[in-house]
Peer 1: 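To start, I am sharing the structure in question, which I have written as structure tokens.
Note that the structure is predicted; figures quoted are calculated from it, not measured. Ligands are counted one by one from 1 in listed order, and the atoms in each one are counted from 1 as well. Quick note: numbers below take in every heavy atom, side chains included, and nothing from hydrogens, waters or symmetry partners.
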Amino acid sequence: MDKIIVRGGRRLTGTVKVEGAKNAVLPVIAASLLASEGKSTIYDVPSLADVYTINEVLRLLNAEVAFKNNMIEVDATKPLKTEAPFEYVRKMRASVLVMGPLLARVGHARVALPGGCAIGSRPIDQHLKGFEAMGATVQVGNGFLEAKVNGRLRGTKIYLDFPSVGATENIMMAAVLAEGTTIIENAAKEPEIVDLANFLNAMGAKVRGAGTGTIKIEGVNKMRGASHCVIPDRIEAGTFLIAAAITQGDVIVKGAVPEHLSALIAKMEEMGVRFEEKEDGIRVIGPEKLKAVDIKTMPYPGFPTDMQSQMMPLLLKAEGTSVITETVFENRFMHVEEFRRMNCDIKIEGRSAIITGPANLQGAEVAATDLRAAAALIIAGLVAEGYTRVVELHHLDRGYYNFTEKLASLGADIERINEDTIKKAADIANVQSNLA
Ligand SMILES: CC(=O)N[C@H]1[C@@H](OP(=O)(O)OP(=O)(O)OC[C@H]2O[C@@H](n3ccc(=O)[nH]c3=O)[C@H](O)[C@@H]2O)O[C@H](CO)[C@@H](O)[C@@H]1O
Ligand SMILES: C=C(OP(=O)(O)O)C(=O)O
């Protein structure tokens with residue numbers, strides 16, 4: 001089992017570069033299934049566990065996928081299979097994003113029910129409502145969701161009860177090959193939606209309005225493979241902005257797009273953190289003293305739920321009481337118990353976490369409860385007294401490439417060790433000492 005060991009007290013300085021966005025590349029890879037002609041080439045693909053998972057799903061569906069040097073080539077021109085098994089959907093919920101493209105192209109998709117996860121129950125009723133409105137029949141049985149349509153899907157108007165990112169993406173991908181025009185109302189506005197629309201349009205689709213609450217998709221007869229460069233990861237960028245600020249550091253986060261991070265930057269500025277826009281990124285300068293602020297997570301352009309856990313250590317170091325209210329997911333405070341091991345005062349009241357600072361964080365053994373919690377606990381370790389040991393790193397590997405190496409390059413005292421390797425080394429040492 002891998003473990004990250006971080007010793008607090010180092011100030012971060014220097015430059016760090018962000019990868020392509022996990023949450024943009026996963027739907028883009030799924031969308032490449034729509035091309036019945038030509039290959040798709042996707043650039044700036046991060047080397048993440050989730051990317052390997054979606055590649056495997058595509059291979060199971062009979063697409064050819066080659067991944068090398070941050071570039072993926074997908075050839076989906078052979079007849080596609082239509083089933084995504086539990087083994088993959090369980091590892092990564094974004095596997096359900098193959099449903100829209102499969103329904104559009106083949107008229108059938110059978111995907112294991114995603115079930116709940118560490119941040120809440122996460123239903124997909126809005127995705128299914130969209131498919132049904134376009135003429136598909138949806139059935140649930142034996143742990144699978146099955147959607148079918150005779151002939152083509154039909155364009156229609158779909159109002160989402162909540163601007164769900166996944167539902168907007170799945171419905172957009174289903175609608176590009178539908179007969180007539182689909183209008184998604186109360187659509188998600190995240191930059192990842194715009195990125196997906198750009199890729200779909202490069203493939204021959206007619207998608208307008210992505211990035212606003214109303215997206216119009218005029219169905220076309222055929223999609224062909226296209227080239228696409230994935231947008232930079234705003235959540236990875238935000239994670240480094242916080243890591244630098246908490247250590248009173250001075251760091252340039254290369255590739256960070258200021259407009260994608262405005263809610264986070266505004267809150268951090270309120271706390272006393274300084275920013276400078278650079279040609280290809282953002283410079284962040286952490287202050288000696290941080291001020292408490294209140295945060296409410298919201299769909300984009302509101303404060304991102306994916307940055308909520310990482311803000312917790314920053315707020316723990318601020319003077320006064322801060323409140324984080326989580327409105328997007330019903331249960332995204334699992335990491336609070338782990339923070340409590342590090343000597344801090346956080347109370348949970350309903351959907352809010354009440355944080356009293358400044359905390360004198362102490363190093364401890366902690367376990368990541370989800371992807372962003374893993375990063376948050378490591379950030380806390382950067383300013384804790386002594387050593388913090390973080391386990392359950394498979395969560396981290398889903399969304400951060402070389403996180404330890406990148407922090408170490410900025411001056412953090414951090415290393416990742418593999419306990420199996422250490423155990424093997426100890427066994428060899430024992431054998432050698434017995435032989436001596
Ligand atoms: C791979 C990916 O891009 N993941 C992101 C995506 O997840 P994901 O696409 O799953 O998030 P959604 O926007 O769909 O979910 C937001 C909320 O809506 C609810 N909901 C969603 C769909 C549905 O049919 N019914 C329903 O009730 C969910 O349970 C959740 O409470 O957006 C989230 C919100 O910004 C981010 O935290 C995730 O990192
Ligand atoms: C919650 C996240 O991802 P997913 O939707 O893939 O679980 C995330 O990226 O923080």
Peer 1: Does ligand 1 come near enough to P123 that some N or O of the ligand is less than 3.5 Å from an N or O of the residue?
Peer 2: yes
Peer 1: Could you name the option among R122, K91, E236 that has the heavy atom nearest to atom 7 (O) of ligand 2?
Peer 2: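 Of the listed residues, R122 has the closest heavy atom.
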Peer 1: Hey, does R332 sit under 4.0 Å from ligand 1 if you only count heavy atoms?
Peer 2: yes
Peer 1: Using heavy atoms and a 4.0 Å limit, tell me yes or no: is M92 in contact with ligand 2?
Peer 2: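 Outside the 4.0 Å threshold, so no.
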Peer 1: Show me, pair by pair, the donor-acceptor contacts under 3.5 angstrom made by side chains of residues 98-113, not counting sequence neighbours?
Peer 2:
| residue | atom | partner | partner atom | Å |
| --- | --- | --- | --- | --- |
| R105 | NH1 | L33 | O | 2.8 |
| R105 | NH1 | A35 | O | 3.3 |
| R105 | NH1 | A76 | O | 2.7 |
| R105 | NH2 | A76 | O | 2.9 |
| H108 | ND1 | T82 | OG1 | 2.8 |
| H108 | NE2 | E146 | OE2 | 2.6 |
| R110 | NH1 | E83 | OE1 | 2.9 |
| R110 | NH1 | E83 | OE2 | 3.4 |

Peer 1: Answer with yes or no whether R372 contacts ligand 2, where contact means a heavy atom under 4.0 Å from a ligand atom.
Peer 2: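 Checking ligand 2 against R372, which is what was asked, there is a heavy-atom contact under 4.0 Å.
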Peer 1: Counting both backbone and side chain atoms, is some N or O of D306 under 3.5 Å from an N or O of ligand 1?
Peer 2: yes
Peer 1: Do any nitrogen or oxygen atoms of G166 come within less than 3.5 Å of a nitrogen or oxygen of ligand 1?
Peer 2: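 For ligand 1, there is an N or O atom that lies under 3.5 Å from one belonging to G166.
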Peer 1: Taking the non-hydrogen atoms of R93, is any one of them nearer than 4.0 angstrom to ligand 1?
Peer 2: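 In this structure, R93 fails to qualify as a contact of ligand 1 - no heavy atom is under 4.0 Å.
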Peer 1: Do you see a protein non-hydrogen atom under 4.0 Å from atom 1 (C) of ligand 1?
Peer 2: yes
Peer 1: Consider every N or O of R122 and every N or O of ligand 1, then say whether any pair is closer than 3.5 Å.
Peer 2: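 There is such a contact, yes.
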Peer 1: Mind checking whether E415 and I4 have side chains closer than 4.5 Å, heavy atoms only?
Peer 2: no
